[in-house]
Amino acid sequence: MMKLQDEQWQELEPLLLGKQSDPGVNAKNNRLFIDAVLWIVTRNSAWRNLPREFGNWTATYMRFRRWNESDFWRQLKQSDIQAPGLAQLLEQIVHYGDLYTRRIEQRQQRKISRTAYKATLAPVKAAAARQQALAPGESTSHWVHLVAPG
């Protein structure tokens, strides 16, 4: 299992959000969170598959997502990291975050395309609905012979 080594953690810890010295809510366990993210990233696994030892997967996912949306992972990667292998681990997380963002954008684009497609179908569906609303005996063609000269 991929986990941070002690020297990597010592360098990374002061750079993270939610430290005791930070204002606001403190993170319960930043190291466990980072280890959970590494577990997901190195296995390219679904968040719901995160083992219980890392805590609630939805809370971990939401935190990852907030950090990703605020570009915090990239900021960490751009820090002056000296611990061996830590920069590479952060690069993996940044890459995973970029893929995650791209998937979200693709889903949004597909939704927009579906909505636009359905909007083009609306007039056709409305005309078909009007045509079906006429009962077979209510066709306009049955009275044509009454008005036509004969």
Side-chain angles (χ1 to χ4, degrees), residues 1-140:
M1 181 181 316
M2 174 61 67
K3 289 190 175 189
L4 288 174
Q5 298 171 2
D6 289 337
E7 64 272 2
Q8 292 172 330
W9 173 244
Q10 289 170 358
E11 185 169 354
L12 190 59
E13 183 180 25
L15 303 174
L16 300 178
L17 302 171
K19 301 179 298 297
Q20 290 296 332
S21 61
D22 288 348
V25 177
N26 293 330
K28 289 183 180 174
N29 191 334
N30 273 337
R31 187 169 186 171
L32 185 65
F33 168 66
I34 298 294
D35 285 341
V37 171
L38 287 172
W39 191 94
I40 292 292
V41 168
T42 57
R43 288 167 177 74
N44 198 22
S45 181
W47 286 95
R48 67 182 170 276
N49 295 335
L50 187 68
R52 286 230 179 257
E53 68 187 74
F54 294 109
N56 182 331
W57 73 266
T58 55
T60 304
Y61 164 74
M62 290 306 293
R63 188 172 175 195
F64 166 82
R65 193 173 137 187
R66 283 192 306 271
W67 284 24
N68 195 57
E69 289 171 358
S70 68
D71 216 20
F72 186 70
W73 296 115
R74 194 171 313 283
Q75 293 170 23
L76 280 177
K77 167 65 176 91
Q78 292 169 350
S79 301
D80 187 26
I81 301 293
Q82 301 299 316
L86 182 57
Q88 183 182 2
L89 293 175
L90 291 173
E91 180 60 39
Q92 284 181 280
I93 295 172
V94 168
H95 178 70
Y96 180 88
D98 290 345
L99 291 175
Y100 170 83
T101 300
R102 220 169 294 130
R103 284 191 303 264
I104 295 287
E105 290 168 353
Q106 288 170 346
R107 282 187 206 119
Q108 289 172 340
Q109 189 56 48
R110 283 193 301 269
K111 184 177 181 180
I112 290 168
S113 295
R114 271 192 311 273
T115 303
Y117 177 71
K118 287 178 181 179
T120 63
L121 293 179
V124 174
K125 286 184 178 180
R130 281 191 302 274
Q131 184 65 29
Q132 287 178 346
L134 292 175
E138 295 177 4
S139 169
T140 57

For A119, all residues meeting side-chain contact (heavy atoms from CB on, under 4.5 Å), sequence neighbours excluded: none

Greater than 12 external heavy atoms within 6.0 Å of R103's CZ: yes

Nearest-0.5 Å distance, CH2 of residue W67 to CZ of residue F72: 5.0 Å

Under the side-chain contact (heavy atoms from CB on, under 4.5 Å) test, residues paired with Q5 that sit two or more places apart: E7, Q8

Listed partners of Q108 passing side-chain contact (heavy atoms from CB on, under 4.5 Å), at least two apart: I104

Minimal non-hydrogen separation, F33 against R63, with atom names: CB-NH1, 3.4 Å

Euclidean distance, M62 CE relative to T58 OG1, rounded to 0.5 Å: 8.5 Å

E13 CD to L4 CG distance, which is reported to the nearest 0.5 Å: 10.5 Å

Pairing residues for N44 by the side-chain hydrogen bond (donor to acceptor under 3.5 Å, both in side chains) criterion, not counting sequence neighbours: none

Pair listing, side chain to side chain donor-acceptor pair (under 3.5 Å) test, anchored in residues 68-77, at least two apart: R65-E69, N68-T101, D71-R74, R74-D98

Sole candidate of N30, D35, L86 that passes side-chain contact (heavy atoms from CB on, under 4.5 Å) when paired with W9: N30

Closest non-hydrogen atom pair between A36 and T60, with its separation: CB-CG2, 3.8 Å

Side chain proximity check, I81 to E11, heavy atoms < 4.5 angstrom: yes

Closest non-hydrogen atom pair, V37 against F64: CG1-CD1, 4.0 Å

Listed partners of T42 passing side-chain contact (heavy atoms from CB on, under 4.5 Å), at least two apart: M2, Q92

With Q82 via side-chain hydrogen bond (donor to acceptor under 3.5 Å, both in side chains) - residues at least two apart: D80

Value rounded to 0.5 Å, distance of CD in Q109 from CD1 in I112: 5.0 Å

Residue pair I40, N49: steps toward the side chain to side chain contact (heavy atoms under 4.5 Å, CB included) verdict: CA-CA 8 Å; I40 292 292; N49 295 335; 5.9 Å; no

Residue list, side-chain hydrogen bond (donor to acceptor under 3.5 Å, both in side chains) with S79, at least two apart or on another chain: none

Side chain proximity check, N56 to L50, heavy atoms < 4.5 angstrom: no

L76 and L16: CA distance, side-chain angles, deciding distance, side chain to side chain contact (heavy atoms under 4.5 Å, CB included) verdict: CA-CA 8 Å; L76 280 177; L16 300 178; 3.6 Å; yes

Parallel, tilted or perpendicular, as decided by the 30° and 60° cut-offs, for the rings of W39 and F54: tilted

Any pair counted as side chain to side chain donor-acceptor pair (under 3.5 Å), so long as it reaches residues 113-123, sequence neighbours left out: none

